[in-house]
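Beneath this line is the structure, given in structure tokens, with notes to follow.
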Amino acid sequence: MKIELSKFQFTTLKDENVPEILSLQDNVIASLNDPDILRKNTEEMFHECVRAPHFSIGVRYDGKLIGVGILYIPSSEQEDLSHLLIGVDTINKKSANYKLCMVDKDYRGNGLQYALGVMLENKAKNLGVELLCATVSPNNAYSENNMLKLGYTLNTTLPKYGSLRNIFYKLI
């Protein structure tokens, strides 16, 4: 279903939106042919992601939350994906993770994942981030294509979150 982008409303998400995010996550995961494509996040993680210094943006259609994008500012090396990069100078670069982007199956194909990615990148720039990193399942061609369209570079493939993940990065 192709819908005019102006029909969508983009909003910053807060704690009160976490139940909607969880419901969207359940719907998205249920619609996937391969459950390893998207790692299920906990309620606690989503509460963390909607609070500063992190940033979460949602997209609504007719009031319903149909997409989410999350920018995650790591506070430790364990959370920072940049230390996994091979051959990339990450010293003294403020990094962040393009943690998650998910769109309801009924609204895919409208450029929403790309639009959310652009918005997250703009927010990252405003926060002084210089390096964005993301993980994508090698079986998720749609998200990989969006990463490349957004100007990310595929760096390596590693076990992460219980299965193989491609590690992408972008200097901004």
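Reckoned from all heavy atoms, side chains included, excluding hydrogens, waters and symmetry mates.
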Original post:
Is K40 paired with D26 through a side-chain N to carboxylate O contact shorter than 4.0 Å?
Top reply: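 The answer is yes: the pair qualifies as a salt bridge.
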Original post:
Within the distance-only criterion (no hydrogens, no angle test), does the side chain of D89 pair as donor or acceptor with the backbone N or O of I91 below 3.5 angstrom?
Top reply: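 Checked: pair present.
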**OP:** Measure from the side-chain N and O atoms of S56 to the backbone N and O of L13, and report whether any donor-acceptor pair falls under 3.5 Å.
**Re:**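 The answer is no, because no donor-acceptor pair under 3.5 Å joins these two groups.
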Which pairs would a plain distance check flag for residues 163-172, meaning a side-chain donor or acceptor within less than 3.5 Å of a matching protein atom at least two apart in sequence or in another chain?
from, atom 1, to, atom 2, distance (Å)
S163, OG, R165, NH1, 3.1
R165, NH1, D36, O, 2.8
R165, NH2, D36, O, 2.9
N166, OD1, T157, OG1, 2.4
N166, ND2, E144, OE2, 2.2
K170, NZ, E121, OE1, 2.6
K170, NZ, E121, OE2, 3.2
K170, NZ, L150, O, 2.4

**OP:** Taking side chain to side chain contact (heavy atoms under 4.5 Å, CB included) as the test, write out the residues that go with R60, two or more places apart.
**Re:**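 With sequence neighbours excluded, R60 shows a side chain to side chain contact (heavy atoms under 4.5 Å, CB included) to Q9, T11, N17, E20, L65, given in chain and number order.
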Subject >> With I86 via side chain to side chain contact (heavy atoms under 4.5 Å, CB included) - residues at least two apart >> reply: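 If we apply the side chain to side chain contact (heavy atoms under 4.5 Å, CB included) test to I86, skipping adjacent residues, the hits are N155, T156.
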Answer yes or no: is there a side-chain heavy-atom contact under 4.5 Å between [X] and [Y]?
| X | Y | value |
| --- | --- | --- |
| V103 | L24 | no |
| L116 | V68 | no |
| F10 | L112 | yes |
| Y98 | C133 | no |

**OP:** With sequence neighbours excluded, give me every salt bridge (Lys or Arg N to Asp or Glu O under 4.0 Å) pair touching residues 65-87.
**Re:**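 Those involving residues 65-87 do not exist here.
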Original post:
Is I70 reachable from M119 through a run of hydrophobic residues whose side-chain heavy atoms are each under 4.5 Å from the next?
Top reply: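 Not linked; separate clusters.
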Original post:
With a 3.5 Å cut-off and no angle check, do the side chains of S143 and N140 form a donor-acceptor pair?
Top reply: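 There is such a pair between these side chains.
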Subject >> Contacts of N41 that satisfy side-chain hydrogen bond (donor to acceptor under 3.5 Å, both in side chains) - sequence neighbours left out >> reply: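 Listed in chain order: nothing, the list is empty.
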Donor-acceptor contacts under 3.5 Å from residues 123-130 side chains, at least two apart:
from, atom 1, to, atom 2, distance (Å)
N126, ND2, N122, O, 3.4
E130, OE1, K94, N, 3.0

**OP:** Would you verify whether the NZ or CZ of K149 falls within 45 degrees of the ring axis of Y114 while also being under 6.0 Å from that six-membered ring's centre?
**Re:**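 Yes, cation above the ring, under 6.0 Å and within 45°.
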